[in-house]
Amino acid sequence: MRIALFGTSADPPTAGHQKILRWLSEVYDWVAVWAADNPFKSHQTPLEHRARMLQLLISDIDSPPRNIALEQDLSSFRTLETVEKAKSRWGENVEFTLVIGSDLLHQLPRWYRIQDLLQQVQLLIVPRPGYAIDEYSLEAVQNLGGQMAIATLTGIDVSSTAYREHGDTQALTPPIVAYIHQQHLYKCQDATPKSYQFH
């Protein structure tokens, strides 16, 4: 059994994340996705909201594949702990692939116990527009013992950051936009003074 492990900041999740999930569901037997706190990033939105938005994103995939699930309990500050949780759930005789965007490739050597991690998973690098996969970063990961492949999918040129900084709703799916407004997340929370919010 081949399982893709895809943790993402999802702050907020975008149409780009949705495209990646759909692609992974066609390549792997099971796709486990969760909202994660990246120690190298600051997050604007509590994890529980980001997890709910990811669930909405999965539900909104056309003809939702039955092999994608929000596995929020896999979320951990350290990816190595996530892999340990995955092994205890699915057993040792499973091939785990850790899915990361090309924007994280240069960070990998600084991850907690990265060599131990790379012995337990294969890596799948998803190219992201604006984040070239350079030979130096690839070599650094290979030197740590990493087995990796580069996805034949290129992410959409949208990002969570573009939404947070510029309110670019093109990056988001309608259910995510609706949830953000309903929960007063991100910039829309500044648009309505707290005293005038009715629940």
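Basis for what follows: all heavy atoms, side chains included, without hydrogens, waters or symmetry-related copies.
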Check: Do Thr79 and Trp111 come close enough that some side-chain heavy atom pair is under 4.5 Å?
Finding: yes
Margin query: Show me the pairs that pass salt bridge (Lys or Arg N to Asp or Glu O under 4.0 Å) and involve residues 118-128, at least two apart or across chains.
Written below: Asp103-Arg128
Check: Same cluster for Met1 and Val121 if Ile/Leu/Val/Met/Phe/Trp/Tyr side chains link at under 4.5 Å?
Finding: yes
Item checked: side chain to side chain donor-acceptor pair (under 3.5 Å) partners of Thr14, counting only residues at least two apart -> His17
Next item on the list: Could you tell me which non-hydrogen atom of Gly91 sits nearest to which non-hydrogen atom of Phe96, and how far apart they are?
Entry: O-CE1, 4.0 Å
Note to self: Please determine whether residues Ile114 and Leu5 belong to a single hydrophobic cluster, defined as Ile, Leu, Val, Met, Phe, Trp and Tyr linked transitively by side-chain heavy-atom distances below 4.5 Å.
What the structure shows: yes
Checklist line | Backbone of Ile133 reached by a side-chain donor or acceptor of Ser102 within 3.5 Å | finding: no
Item checked: Members sharing Tyr131's hydrophobic cluster (side chains within less than 4.5 Å) -> none
Note to self: Can you tell me how far apart CG (Leu54) and CD (Gln18) are? Round to the nearest 0.5 Å.
What the structure shows: 10.5 Å
Next item on the list: Only counting residues at least two apart or in another chain, list the ones meeting ring-ring contact (aromatic ring centres under 6.0 Å, His included) with Tyr179.
Entry: His49
Item checked: Check: Leu124 and Ile100 side chains under 4.5 Å, non-hydrogen atoms -> no
Checklist line | Flag if over 12 foreign heavy atoms under 6.0 Å of CD, Glu135 | finding: no
Next item on the list: Measure the CG-CD1 distance between Leu153 and Ile150 for me, rounded to the nearest 0.5 Å.
Entry: 12.5 Å
Notebook entry, point to check: Between Ile3 and Thr97, does a side chain to side chain contact (heavy atoms under 4.5 Å, CB included) hold up when you go through it step by step?
Noted result: CA-CA 6 Å; Ile3 296 179; Thr97 297; over 6 Å; no
Notebook entry, point to check: Atom CG of Leu74 and atom CZ of Phe6: how far apart are they, to the nearest 0.5 Å?
Noted result: 13.5 Å
Checklist line | Pairs meeting criterion side-chain hydrogen bond (donor to acceptor under 3.5 Å, both in side chains) with involvement of residues 113-124, two or more places apart | finding: Lys87-Gln120, Arg113-Asp116
Name each donor-acceptor pair under 3.5 Å that joins a side chain in residues 24-34 to protein atoms two or more places apart or in another chain, with its distance.
{"unit_1": "Ser25", "atom_1": "OG", "unit_2": "Arg22", "atom_2": "O", "d": "2.7"}
{"unit_1": "Asp29", "atom_1": "OD2", "unit_2": "Arg2", "atom_2": "N", "d": "2.7"}
{"unit_1": "Trp30", "atom_1": "NE1", "unit_2": "Glu71", "atom_2": "OE2", "d": "3.1"}

Check: side chain to side chain contact (heavy atoms under 4.5 Å, CB included) with Arg110: which residues, sequence neighbours excluded?
Finding: Phe40, Gln107
Check: side chain to side chain contact (heavy atoms under 4.5 Å, CB included) with Thr161: which residues, sequence neighbours excluded?
Finding: Ser159, Arg164, Glu165
Next item on the list: State whether a side-chain donor-acceptor pair under 3.5 Å links Asp11 with Tyr186.
Entry: yes
Checklist line | Check: Ile176 and Pro13 side chains under 4.5 Å, non-hydrogen atoms | finding: yes
Notebook entry, point to check: Under 4.5 Å between any side-chain heavy atoms of Val99 and Val126, yes or no?
Noted result: yes
Check: Do Trp23 and Ile156 sit in the same hydrophobic cluster, where Ile, Leu, Val, Met, Phe, Trp and Tyr count as joined when their side-chain heavy atoms come under 4.5 Å apart?
Finding: no
Notebook entry, point to check: Hey, does Ser75 have a side-chain heavy atom less than 4.5 Å from the side chain of Leu47?
Noted result: yes
Margin query: Can you give me the closest heavy-atom contact between Pro12 and Ser160, atom names plus distance?
Written below: O-OG, 2.6 Å
Check: Which residues satisfy the salt bridge (charged side-chain N to carboxylate O under 4.0 Å, His left out) test with Lys85, sequence neighbours excluded?
Finding: none
Checklist line | Non-neighbouring partners of Ala178 that pass side chain to side chain contact (heavy atoms under 4.5 Å, CB included), sequence neighbours left out | finding: none
Check: Among all residues two or more places apart in sequence or in another chain, which pass the side chain to side chain contact (heavy atoms under 4.5 Å, CB included) test with Glu84?
Finding: Leu80, Glu81
Next item on the list: Supply the atom-to-atom distance Leu185 CG to Arg52 CZ, rounded to the nearest 0.5 angstrom.
Entry: 9.5 Å
Checklist line | Main-chain N/O of Ala51 paired to Gln72 side chain as donor or acceptor, under 3.5 Å | finding: no
Note to self: Let's go through Leu123 and Gln147 carefully: what are the C-alpha distance in whole Å and the side-chain angles of both, what is the deciding distance for side chain to side chain contact (heavy atoms under 4.5 Å, CB included) to 0.1 Å, and is it a yes or a no?
What the structure shows: CA-CA 6 Å; Leu123 282 179; Gln147 290 185 315; over 6 Å; no
Give the table of side-chain donor-acceptor pairs shorter than 3.5 Å for residues 137-145, with sequence neighbours excluded, one pair per line with atom names and distance.
{"unit_1": "Ser137", "atom_1": "OG", "unit_2": "Asp134", "atom_2": "OD1", "d": "2.9"}
{"unit_1": "Ser137", "atom_1": "OG", "unit_2": "Asp134", "atom_2": "OD2", "d": "3.2"}
{"unit_1": "Asn143", "atom_1": "ND2", "unit_2": "Glu139", "atom_2": "O", "d": "3.3"}

Item checked: Expected output: side-chain Arg50 to main-chain Thr45 donor-acceptor under 3.5 Å -> yes
Check: Any side-chain heavy atom of Ile180 sitting closer than 4.5 Å to one from Met53?
Finding: yes
Notebook entry, point to check: So do the side chains of Leu117 and Leu98 get within less than 4.5 Å of each other, counting heavy atoms only?
Noted result: yes
